[in-house]
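Reviewing the structure listed below.
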Amino acid sequence: FRNTNLVPRPLALPGNLTGPSPSPVPPSPPSPPPVITNQNYVLWHMSDIFYGSHHTNDLTTMVNDMDTIPWNDALIAGDISGDGSAFNFQTMKNIFLNESNHPWSAFNFLAGNHEYQCGEPPSSGCLNNYKSLINSQLRYTFDRGNIHFIVMSTDDGKYKMSDATMTWLRNEVAQNQGKIIALSTHQMPHLFEGMDQILSEFGIDLWLFGHAHCKHGDPSCTRHEALGDFYQQAETTFVDAGYIGNMESRYLIFTEGSKE
């Protein structure tokens, strides 16, 4: 990681480090922990908030807890509202605005399946609420130092990627080979058709996702089993954001001068 054109914030506490070997969950913090300086970059990664349907109070607790740990950006990988209503999107947004000491611009969202398919039957109004209140873009990129983040919602709320989206993703990966490439989606990587080809041809360094609702270290959770095939495609580190229902999220530290 090279801290180029990154506005530093005071970072003082250690956390889960991305390792060189792929893993469905972040490795345990090293012992002794590394010295964290303001030249490093810290990302808070969470998913599956389901605000309004359950875990309503948990979000406030999590935001307050994380404000005791200095970080630069947050990436929220979808399913942020339980019912997709404008009220719940706005109320959830107010928690981030009022409870966090970070600006709204520090929170980067993508749409999960609950942003597309809420209610019975599913309504397009849910996605419209998300786009008007949370983020109008369903796919976008941003750079922090030499990390190129690719944030991508699926095109139908499940696992479908259009040809246009796949072409966009392929171009983003191909044109940024000199950087650390970090891709964020809602669903697990093995559910997307054609992703294995991009992994084989170009490689993706870090893949951040949610959807699985797996508690860290839970051997009974089988949603990660198919990830094994992806491990053979490229040296990708897979990080499951966890589930706010388990009071879990992740934070990743990119150390200045490290390979990744």
Side-chain angles (χ1 to χ4, degrees), residues 1-11 15-18 26 38-47 49 63 66 69-80 92-93 96-97 100-112 115 130-155 161 164-187 189 192 195 198-199 202-210 236-239 241 249-256 258-260:
F1 169 65
R2 297 190 304 277
N3 191 357
T4 306
N5 299 324
L6 176 65
V7 178
R9 293 176 181 161
L11 307 176
N16 291 326
L17 297 176
T18 55
N38 62 3
Q39 294 302 306
N40 298 330
Y41 173 73
V42 176
L43 177 74
W44 179 21
H45 176 39
M46 75 186 98
S47 184
I49 297 171
V63 171
M66 286 302 298
I69 304 172
W71 50 271
N72 296 83
D73 291 295
L75 205 159
I76 300 92
D79 280 7
I80 59 177
M92 180 218 64
K93 182 176 181 178
F96 286 112
L97 289 171
S100 177
N101 58 22
H102 289 71
W104 177 245
S105 59
F107 296 93
N108 302 277
F109 293 86
L110 63 84
E115 275 68 69
Y130 167 84
K131 292 174 71 174
S132 63
L133 293 170
I134 305 300
N135 192 340
S136 61
Q137 296 180 299
L138 296 179
R139 63 189 191 199
Y140 58 96
T141 66
F142 62 95
D143 292 281
R144 296 294 184 265
N146 66 327
I147 310 170
H148 186 66
F149 286 96
I150 304 173
V151 184
M152 185 170 66
S153 309
T154 50
D155 289 323
M161 295 291 184
T165 295
M166 290 301 292
T167 298
W168 174 82
L169 173 62
R170 186 182 186 87
N171 289 339
E172 285 293 333
V173 174
Q175 293 169 9
N176 289 277
Q177 286 294 288
K179 300 178 181 179
I180 298 169
I181 296 176
L183 173 64
S184 181
T185 60
H186 176 63
Q187 287 89 349
F192 295 107
M195 290 294 190
I198 294 177
L199 283 174
F202 299 107
I204 292 173
D205 299 294
L206 178 65
W207 197 320
L208 307 162
F209 63 95
T236 302
T237 298
F238 298 97
V239 180
S249 61
R250 313 286 181 231
Y251 74 105
L252 297 86
I253 300 174
F254 296 82
T255 305
E256 169 71 17
S258 64
K259 180 179 179 182
E260 295 186 359

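Reckoned from all heavy atoms, side chains included, excluding hydrogens, waters and symmetry mates.
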Restricting to non-hydrogen atoms, name the atom on [X] and the atom on [Y] that form the minimum distance, rounded to 0.1 Å.
X	Y	answer
Asp79	Glu115	N-OE1, 2.7 Å
Leu75	Phe149	CD1-CD2, 4.2 Å
Ala77	Thr185	CB-O, 3.7 Å
Leu169	Ile198	CD2-CD1, 3.8 Å

Test item: [X] and [Y] side chains (from C-beta on) under 4.5 Å apart, heavy atoms:
X	Y	result
Arg144	Phe254	no
Leu208	Leu43	yes
Trp44	Ile69	no
Ile147	Leu206	no
Ser47	His186	yes

>> Taking salt bridge (Lys or Arg N to Asp or Glu O under 4.0 Å) as the cut-off, I'd like each qualifying pair that reaches into residues 166-177, sequence neighbours left out, listed once.
In response: Arg170-Glu201

> Taking the six-membered ring for Trp, are Phe107 and Trp104 parallel (under 30°), tilted (30 to 60°) or perpendicular (over 60°)?
Replying inline: tilted

>> Tyr41 and side chain to side chain donor-acceptor pair (under 3.5 Å): which single residue from Thr255, Asp73, Asn72 fits?
In response: Asp73

Ignoring hydrogens and geometry, is there a side-chain-to-backbone donor-acceptor pair from [X] to [Y] under 3.5 Å?
X	Y	result
Asp205	Ala182	no
Ser249	Met46	no
His148	Gln175	no
Thr236	Ile204	yes

> Leu138 and Tyr130: side chain to side chain contact (heavy atoms under 4.5 Å, CB included), yes or no, with the steps?
Replying inline: CA-CA 10 Å; Leu138 296 179; Tyr130 167 84; 4.0 Å; yes

